[in-house]
*Asks:* 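Below is a structure I'd like to ask you about.
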Amino acid sequence: MTDALLTGTPDPALVDFFDRPVLDVAPLVLGAVLSRSTDAGRVAIRITEVEAYDGRTDPASHAYRGRTARNASMFGPPAHLYCYFIYGIHHSLNLVCGPTGTPTGLLVRAGEVVEGVELARSRREAKPRKHPLPDAGLARGPGCVASCFDADLSQDGAPLDGREWSLTPPAAPSADIRFGPRIGVRGEGADPQRFAWRFHLGGEPSVSARKAGNRLDLGENSSIDSTLT
DNA sequence: AGATCGATGCTCT
DNA sequence: GAGCATCGATCTG
């Protein structure tokens, strides 16, 4: 991260939005519009799929074994990005949640590109591909989300301050939210009873159908555990 | 449609 | 040196 990226301060209302338990924020961030503006132009996605990670209790979290140079951003203030590099190829974007010092975040797994479709497509197609890419597939998968934004490690720690990056929460929570086990997680963190921490919107082409989760009831008498089928 | 596997490099032990 | 919060092409049934 660079000093220039840290000069901005997110709006207090947005800080409040993210300064809560990560499992509280997860269903509410679905439908939010995340955007990045660069010299190349502006790309915005409506977030349709996220996964929660909690470094205090969650063996799958990069922060589970404590603070390191890589995961430092997750220990930082909310309403900032945690960006990392994985599998030698892909970058992934997380939205840091909770108060400073609490290493929790939401991995942005998929979204609908609502602005800058051509720019997002050109970034995705920088490498030639065999089959044509439908719009709905532009930001399907965390590596693809990062690619649409041309995000790399230089964006780790960047604030959602409305300068380069911005996020607008939805006016109201979605009526059709699903949840289930996280994708690509191995070991204890893959336990579907303890860590059904993947959340996505129902009926979204930007989310693979075969990965559909259970219906989440946001009613006041419900809990995530009790709605597991 | 599902399983398998190669690409490719950073991070931590 | 092992493992990895992935993607997408290529197998197989």
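Chain naming here is simple, since letters A, B, ... match the order of the sequence lines and numbering starts at 1 in each. Nothing here was measured: the structure is a model prediction, and the numbers come from that model.
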*Asks:* Strictly by modelled atom types, are Ser174(A) and Asp176(A) linked by a side-chain donor-acceptor pair under 3.5 Å?
*Replies:* no
*Asks:* Salt bridge (Lys or Arg N to Asp or Glu O under 4.0 Å) with Asp135(A): which residues, sequence neighbours excluded?
*Replies:* Arg121(A)
*Asks:* Given atom CZ of Arg129(A) and atom P of dT6(C), what is their separation to the nearest angstrom?
*Replies:* 17 Å
*Asks:* Below the 4.0 Å mark, does dG3(C) have OP1 or OP2 next to a side-chain nitrogen or oxygen of Arg70(A)?
*Replies:* no
*Asks:* Would you say the side-chain atoms of Ser61(A) and Asp54(A) include a donor-acceptor pair closer than 3.5 Å?
*Replies:* no
*Asks:* Kindly state whether the pair Tyr53(A) / dA5(C) counts as stacked, where counting means centroids closer than 5.5 Å and planes tilted less than 30° apart.
*Replies:* yes
*Asks:* Measure the distance from OH on Tyr64(A) to P on dG3(C) and round it to the nearest whole Å.
*Replies:* 19 Å
*Asks:* Could you check how far CG of Leu93(A) sits from C1' of dT6(C), rounded to whole Å?
*Replies:* 14 Å
*Asks:* Rounded to the nearest angstrom, tell me the gap between atom CZ in Arg65(A) and atom C1' in dG3(C).
*Replies:* 11 Å
*Asks:* In whole angstrom, what separates Phe85(A)'s CZ from dA7(B)'s C1'?
*Replies:* 11 Å
*Asks:* Hey, is the side chain of Tyr87(A) pairing donor to acceptor with the base of dA5(C) inside 3.5 Å?
*Replies:* no
*Asks:* Without decimals, in angstroms, what is the distance between His90(A) NE2 and dG6(B) C1'?
*Replies:* 12 Å
*Asks:* Does a nitrogen or oxygen in the side chain of His62(A) sit under 4.0 Å from OP1 or OP2 of dA5(C)?
*Replies:* yes
*Asks:* Round to a whole Å and report the spacing from CG of Asp156(A) to C1' of dT11(B).
*Replies:* 13 Å
*Asks:* Looking at Arg186(A), does any N or O in its side chain come under 4.0 Å of the phosphate oxygens OP1/OP2 on dC4(C)?
*Replies:* no
*Asks:* More 5' along DNA chain C: Ile86(A) or Gly143(A), using each one's nearest nucleotide?
*Replies:* Ile86(A)
*Asks:* Grab the CZ-P distance between Arg124(A) and dT6(C) for me, whole Å please.
*Replies:* 15 Å
*Asks:* dT8(B) pairs with which nucleotide, Watson-Crick or G-U wobble, both distances below 3.5 Å?
*Replies:* none
*Asks:* Starting the side chain at C-beta, find the nucleotide from dT11(B), dT6(C), dA9(C) nearest to Leu153(A).
*Replies:* dT11(B)
*Asks:* Looking at the side chain of Cys144(A), which of dA9(C), dG8(C), dT6(C) is the nearest nucleotide?
*Replies:* dG8(C)
*Asks:* Would one find a side-chain N or O of Lys127(A) under 4.0 angstrom from OP1 or OP2 of dG8(C)?
*Replies:* no
*Asks:* Which listed nucleotide (dA9(C), dC7(C), dA5(C)) is nearest to the side chain of Pro142(A)?
*Replies:* dC7(C)
*Asks:* Ring-plane angle category for Phe85(A) and His91(A), please: parallel below 30°, perpendicular beyond 60°, tilted otherwise.
*Replies:* tilted
*Asks:* Return yes if some donor-acceptor pair links the side-chain N/O of Asn71(A) with the main-chain N/O of His62(A) below 3.5 Å, else return no.
*Replies:* yes
